[in-house]
Amino acid sequence: MIKVTLPDGSLREYAKGTTSLEVARSISEGLARNVLSAKVNGQVIDASRPLNEDCTLQLLTWNDTDGKSTMWHSSAHLMAEALEALYPGTKFGIGPAIENGFYYDVDFNGQSISSDDLPKIEQKMLELAKTNSVYIRKEISKNEAIAYFREKKDQYKLELLEGLEDGQITFYSQGNFTDLCRGPHLPDTSFIKAIKLTALAGAYWRGDEKNKMLTRIYGITFPKEKELKEYLHLLEEAKKRDHRKLGKELELFHFSEKVGMGLPLWLPKGAALRERLIDFMKKAQQQAGYLPVVSPHIGNKNLYITSGHYEKYGKDSFQPIATPQEGEEFFLKPMNCPHHCEIYKSSPRSYKDLPLRLAEFGTVYRYEQSGELHGLTRVRGFTQDDAHLFCRPDQVKEEFCKVIDLVLYVFKALDFHDYTAQVSLRDKENHEKYIGDEANWTLAEQAIIESAQEKGLKTVVEYGEAAFYGPKLDFMIKDALGRKWQLGTIQVDYNLPERFQLEYTGSDNQKHRPVMIHRAPFGSLERFIGVLIEHCAGNFPLWLTPEQVAILSVSEKSNAYVEQVLEQLQKNYDIRGYADLRNESIGKKIREAELKKIPFMLIIGEKEALAQKVAVRIHGKGDAGIIEINDFAAMVNKEIENDLSI
RNA sequence: GCCGAAGUAGCUCAGCUGGUAGAGCAGCUGAUUUGUAAUCAGCUGGUCGGGGGUUCGAGUCCCUUCUUCGGCUCCA
């Protein structure tokens, strides 16, 4: 007999060799029907694998992330089976589960398929799923495995096999399809009830552009048709919220081929919104003891040679511009830190001056590969809400913690409530990619991890995600549709102070080297606004929205009063808005204001003019009654106060 | 940068196997003076992304280039 501990702490005894599925069945039939895989002693395995020793057991269902992964991984195999049936001779690369579904990279051996073929593949998959084929696991020797794929002429699997050790190789089969796979998989295909193949794309074999381009087919599956519908609805919603679409509709920004790709033009409304964000951040920074500085858009090549950026990115930047007479070379600044280092150096510093917090909304230019550009979230010219904190080594942690506070304040004010902090460390294997000495890296990494802990942040650690000069704490936010975005970043840097020979005089009257913290709560304003647009679907917080109120005249008879109301709101209450005095029906004016997502509409006819009141209509909600102007103003300002008092 | 798809009026889109470029909205002009998501009528607006080619004739076919979109790779 073996002892099995369940997640609730209860202990049960079973005969040795009992499967997780059988354990589930002993608890309830219903549970057994929903078990996709099992986590045994922390490792996810097939629910049909026998348990041979005492263990902790978590039965995984659709409600568990790992359960979903099992489902999707098995779905990838199902798709492969369908592809093999429909397109004989297809070779298979890898087919993993991903965050939302799965993909399989395949080589159609010369045949080409288009997205029109996807429904056909879906159909085949459904057909195969209905056969309730069992996923069978088989341990196999390396030689046998090689022989199998030689026979199939699948060079990709053979290549994968090269990296595997004999004795650890398993095959999984379902129906007529067998794949090299470590699993785990579903008990059988019947769990896959709803299937959608979502996209078709090229992807290099093993992600290396020197390799052959395979066809990647993305898909997602569900245990119920209803869940697929919900998912498709979510996709629709995401399309509606696309910041590129809303940016156009709400007249926030524009791209012009003539200006250049990836170079956003801010229209008046977008610029107004942006200015407000900047003001908001300036105020917060002023309170946190930051000092504004300003640096030019270009910097001498030598500046970047000193900083090390030239060596690292010189060839991949916009190429330098040169002075006509002397031929001196200048780069468009790709970051503000070197400039700020020179500001630090402009005068001798005492330990009493530190921390010195230099802040700048600095516009930087980076050559991003053409295929990378995407609306506002990936551009070639953007403005960072940048600051560099120069501090003594003993101040690093405290300063780091303060920056975390600031970042969290910003997120709250903008209604981002779901985020994780990603501790981005060096690639464990490959330390040569980074500059700076080992001891400092270790110090910096520790400072970050400790600060994140101290602040009680939900943290994940990612290796290989550090900047080349230092580790980072990146804030990953989840938007209203559950999509993840990287926004703010905080970075500890021992390297630039070294390169720029930054110094301060300590209390011991000796020269010391300060530590630098780079930080940008928004990251880039462009990217942040892009994400914000999608997060709030264009319904910005009242304090931020370009136009808070639309004042609409019912007929031209009321125009004078409308203008009077607007003036009062602007002058006395600092409320932003516009008057719609056009010779159009009130219905049309309302419709347009609704489409522009103006939070409040004031409908003004003869009634209101006579009573010296306003009829309020709330965006998305409708008529909210007739009230005094100052009551309306109070209502607006109250809401703003609520949003900003956190 | 690489693979694939797409570019038609300011916007959203139609235009079949090649035969004189269309609609709605927006804009302009006029009528109407309107009560909570589109009042009516008229008008303007396009070297069909750019450049080459095939053809009697190209939005449509071919080549090339640019941009956009979906991915890959990248992201100081």
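Here is the naming used below: chain letters follow the sequence lines, and residue numbers restart at 1 for every chain.
Counting only heavy atoms from C-beta on, Arg244(A) has its side chain closest to G70(B) among G70(B), U68(B), A76(B). Across G71(B), A26(B), U36(B), the shortest atom-to-atom separation from the side chain of Ala201(A) is found for G71(B). The nucleotide whose nearest atom lies closest to any side-chain atom of Arg617(A) is, among C72(B), U39(B), U36(B), U36(B). Nearest to the side chain of Tyr218(A), among G35(B), C72(B), U68(B), sits C72(B). Among the nucleotides C11(B), A37(B), G35(B), the one closest to the side chain of Lys248(A) is C11(B). Candidate nucleotides U33(B), A76(B), U39(B) were compared by shortest atom distance to the side chain of Tyr469(A), and A76(B) ranks first. Comparing G35(B), A37(B), A76(B) by their closest approach to the side chain of Glu608(A) singles out G35(B). Minimum atom distance to the side chain of Arg378(A) is reached by C74(B), of the listed C74(B), U68(B), U36(B). Closest to the Ser317(A) side chain, of the nucleotides A76(B), A26(B), U36(B), is A76(B). Considering only the side chain of Ser555(A), U33(B) comes nearest among G35(B), U36(B), U33(B).
Between the side-chain ring of Tyr313(A) and the base of A76(B), a stacking contact exists by the 5.5 Å and 30° definition.
Taking atom CG of residue Leu595(A) and atom C1' of nucleotide G24(B), one finds them 15 Å apart after rounding to whole Å. Distance CD (Glu257(A)) to P (C69(B)): 11 Å, rounded to an integer number of Å. Nucleotide A5(B) holds its P atom 14 Å from the CG atom of Leu118(A), rounded to whole Å. Here the C1' atom of nucleotide C25(B) and the CD atom of Glu251(A) are 14 Å apart, to the nearest Å. The interatomic distance linking Met261(A) (CE) with G50(B) (P) rounds to 18 Å, in whole Å. Rounded to an integer number of Å, the gap from CH2 of Trp205(A) to C1' of C3(B) is 17 Å. As rounded to whole Å, 12 Å separates atom P of A76(B) from atom NE2 of His518(A).
OP1 and OP2 of G1(B) both lie 4.0 Å or more from every side-chain N or O belonging to Lys315(A). For the OP1/OP2 pair of A38(B) and a distance below 4.0 Å, the side-chain nitrogens and oxygens of Ser585(A) include no atom meeting the criterion.
Outside the 6.0 Å centre-distance limit, the rings of Tyr313(A) and Tyr304(A) are not counted as a close aromatic pair. Centroid-to-centroid, the aromatic rings of His309(A) and Phe468(A) come within less than 6.0 Å. In this structure, Phe318(A) has its ring center no closer than 6.0 Å to that of Tyr365(A). Taking the six-membered ring for Trp and the full ring otherwise, the centers of Phe528(A) and Phe416(A) sit less than 6.0 Å from each other. Centroid-to-centroid, the aromatic rings of His518(A) and Tyr469(A) come within less than 6.0 Å.
Using a 4.0 Å heavy-atom distance criterion, His374(A) is classed as a sugar-phosphate-only contact. Here Lys312(A) lies out of heavy-atom contact (under 4.0 Å) with every strand.
Rounded to the nearest 0.5 Å, atoms CD1 (Ile586(A)) and CZ (Arg591(A)) are 14.5 Å apart.
Distance check on atom C1': A23(B) versus G57(B) gives 26 Å, rounded to whole Å.
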